[in-house]
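Bear in mind the structure is a predicted one, so any value in this text is a computation, not a measurement. Order of listing sets the numbers, starting from 1, for every ligand and every atom in it.
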Amino acid sequence: MRRPKLKNSNSGKQNRKHFISRKVKGLQEEKEEIELLKSWIEFGKPDPGCNPLSNPPLPEDMPIGRINADSFSQYSGCKLFSQMPLSQKTKDGLHEANYKVMTDIQRASLPHALCGRDVLGSAKTGSGKTLAFIIPVLEKLYRARWGPEDGVGCIIISPTRELADQIFDVLRIVGKHHAFSAGLLIGGRKDVDTEKQHVNELNILICTPGRLLQHMDETVNFECSQLQILVLDEADRILDVGFKKPLNNIISQLPKERQTLLFSATQTKSVQDLARLSLKDPEYLSVHEEAERATPDRLEQIAIIVPLEQKLDMLWSFIKRHLSFKILVFLSSCKQVRFVFEAFKKLHPGIPIKCLHGRMKQEKRMAIYSQFCEQRSVLFSTDVAARGLDFNKAVDWVVQVDCPEDVAGYIHRVGRTARYLSGGRSVLFLMPSEIEMLEKLKAAKVPVKNVKANTKRMQPVSSLLAALLVKYPDMQQLAQRAFITYLKSIHLQKDKSIFDVTKLPIDQYSASLGLPMTPKIRFLKQRTKHKNDNEGSFHVKQENDTMPEFVHIPREETPLDKSNVEEKVFLLPKESQKEGKMYAAEIELVQYVKPATRVLKKKKLKINPHRPAGTRVVFDDEGNSQPPLATIADTKGVNDTLELDKVNERYAKLRQEMKERDKEDKLLQYQRLREKRQKEKMKYKVARPDDGEEEDLSGSDEEKTVKKRSKRSKTYSDSDSDEEQGKRIKDNLGFNADSITLAEQEELALNLLSSMHS
Ligand code: ADP
Ligand code: MG
């Protein structure tokens, strides 16, 4: 956290008495000045809804401030900072920084902002919007006599860390005579604990949304209930979906009674956005709305049609021909920035090369940003540098290698050059499929000249890159990632009239990056019907038939690689991100049934509970389809309702059968016991031979039969089921062994033996 005291200490070595009297005098003067400023502002405040720029400018030599007892000089429409109802401290700061004449947006918005109104300020890039909100902030807190004990009086929110840092610098310069404390709270800084200790002592916070929210959530006693003024720089970006959640969260913790200032070159007019911020009768001040062009007048803009596979050749040639310029190059993703930066650095074009993207460590980011401010060099960057940055020594060229996502994106990127009164040039590389962008720019009053590329002077770099990739294997990974993320970024673009990934020359593009083989990219046509891809690629079943699905299988990787699955989730169009998991789950399930060509990584199988239920069709013997569960239902007809009588009849029959079998079982058990007893008797008879006769005589016919049956039943019971056994017992009960002849008995015995062996 940077926390300067904006005031230079002037107490020094003066003796105490002198010091106190001066202090009292100073306080008295300050009080009088504040009274004067309040009356002056109130006296000359512009009518609500009017643009002070339309007032005739005041003569420079007219008296300033109080004219007589109850009249003051006009300030609405004046040209100089010195003519404005500003504190002497602010005027001194402006004067020392050489800010004298106001820019249009400052002239238009300051009169409204000074009298406490909410403002939506819109003006071209580089037209001085920062001062248009820094000055009202300083003045409001000054007039409220804000002191250290009052805590946070102002929060300024910036979408990027670098821009927050830049705003902080402007505040330090202009507010150096004030006694406010200010802090820069941005992500990526390690000393968050120190920040937490001091954040409540700060009067002005300049922050990125994430870090501010972190303090709101984590810092004990973080207090901003007395907030006087909230500023959103690059307001449309901060109100964009990307910051929606943190911003809503922040706003919900701020007092509604406050002044709010919003500034951007491409201002939001959305009623919803304004409602989110609870603006009160905001003044919409768009100073260049009537202007012929939406971009700075001194900006020269050209567009060149460059096929995708020639983009790097074109960029390389451009850099080689502009070695004495400061060039800012925009690419669409961090991975592309990394690849192009690493590759071009190794190829030594003859100018220092740097890169800036969101994945870099904060210290490095800041260092690169400061170096690029000072040094003639080429900076490859993502859109992290697209908004608000005012590089000290002017940027000569802005090169957009990849087309921005929309016109606003274009305006902000080119706005890094031709700032304030300086000139600048920009070039946009457009692929033949992106030609529609020219129409959109024209419609938005952006004058871009379509120039034919001079291919004769082009210096191809692809072969150099190919050699580089062989020499440095790490580069090949970078190239592959750059390739994939570029296609991904095109696929994810919202404006399908410009961005069409299916029109890209994929193989040529891959070769142009120096890759020896094209990483496999498949566009899978959506099908409502189940269809298997016989080339072994992923099968993706989708409900929506209009959007093609885009699946990438990196080279030399089977579809079983988990990273591929993650890629695919990203590749889903934004609208279907919600269903992303569903696609991923289906893809994975299909992967598991593919034959593996290498050792599988252990993966978690994702189950999608929202998958449509299975519709298994069952066919009967005639080939007719049957409804589900038909096989376990009444075969006579699923539509017939079961009749209660039939059911009862069936149960009665079953009960009868069971009764009979029960009877037989009891009998069988009885016979077994008898048999056992007989055997014991026989043993006894063997011991006493005269007892045998007794047994024969005592046994009835039935008993003999049971004896015989018992032997047979034992034989069957070893091999057959209980049911079968019961049946045979019953059959055997139907004849009397004593009633058959010996020959018949032998035959029966033989049959029994053969059945035992079979
Ligand atoms: P914007 O936010 O509109 O893109 P900045 O506030 O970054 O523009 O200002 C662009 C440049 O103009 C800065 O270098 C700043 O110092 C300079 N500038 C702003 N206002 C004035 C002024 N009144 N007089 C001179 N230079 C100014
Ligand atoms: Mg700005």
Using only heavy-atom distances, determine whether the side chains of Gln267 and Ser286 contain a donor-acceptor pair under 3.5 Å. no

Side-chain contact, heavy-atom cut-off 4.5 Å: Arg338 with Phe380? no

Sub-4.0 Å atoms of ligand 1 with respect to non-hydrogen atoms of Thr125: 4 (O)

In a check of side-chain contact (heavy atoms from CB on, under 4.5 Å) between Leu262 and each of Leu277, Val119, Asp273, Val231, which one passes? Leu277

Is the closest side-chain donor-acceptor distance between Lys326 and Gln375 under 3.5 Å? no

CD1-OH distance between Ile34 and Tyr142, expressed to the nearest 0.5 angstrom: 4.5 Å

Enumerated ligand 1 atoms positioned under 4.0 Å from heavy atoms of Val101: 22 (C), 23 (N), 24 (N)

Against heavy atoms of Arg419, which atoms of ligand 1 measure under 4.0 Å? 1 (P), 4 (O), 5 (P), 7 (O), 8 (O), 10 (C)

Under 3.5 Å, N or O to N or O, is Gly126 touching ligand 1 that way? yes

For ligand 1, does Phe263 get within less than 4.0 Å through its side chain, its backbone, both, or neither, judged by non-hydrogen atoms? neither

Distance (rounded to the nearest 0.5 Å) between Gln362 CD and Arg161 CZ: 4.5 Å

Aromatic ring proximity Phe318/His322, centre distance under 6.0 Å: yes

Taking distance alone, with N or O pairs closer than 3.5 Å, would you say Lys129 contacts ligand 1? yes

Could you identify the single nearest non-hydrogen protein atom to atom 19 (C) of ligand 1 and state the distance to 0.1 Å? Gly128 CA, 3.5 Å

Quick check on Ala123 - does any of its heavy atoms sit under 4.0 Å from an atom of ligand 1? no

Donor on one side chain, acceptor on other, Asp402 and Gln336, under 3.5 Å: yes

Which residue from Phe133, Phe81, Tyr420, Phe391 reaches closest to atom 26 (N) of ligand 1 through any of its heavy atoms? Tyr420

Could you tell me whether some N/O pair between Ser127 and ligand 1 is separated by less than 3.5 angstrom? yes

If the cut-off is 4.0 Å to any non-hydrogen atom of Tyr99, which atoms of ligand 1 fall inside it? 15 (C), 16 (O), 18 (N), 21 (C), 22 (C), 24 (N), 25 (C), 26 (N), 27 (C)

Can you sort out which atoms of ligand 1 are near Leu131, meaning under 4.0 Å from one of its heavy atoms? 20 (N)

Using only heavy-atom distances, determine whether the side chains of Thr295 and Gln301 contain a donor-acceptor pair under 3.5 Å. yes

Pull out every atom of ligand 1 sitting under 4.0 Å from any heavy atom of Thr130, numbered as shown with elements. 2 (O), 5 (P), 6 (O), 7 (O)

In this structure, does ligand 1 have an atom that sits under 4.0 Å from one of the heavy atoms of Lys124? yes

Is Asp390 in polar range of ligand 1, meaning some N or O pair under 3.5 Å apart? yes

Return the closest protein heavy atom for atom 20 (N) of ligand 1 as residue, atom name and distance. Gln106 NE2, 2.9 Å

From the options Thr125, Asp233, Asp236, select the one residue that forms a side chain to side chain donor-acceptor pair (under 3.5 Å) with Ser264. Asp236

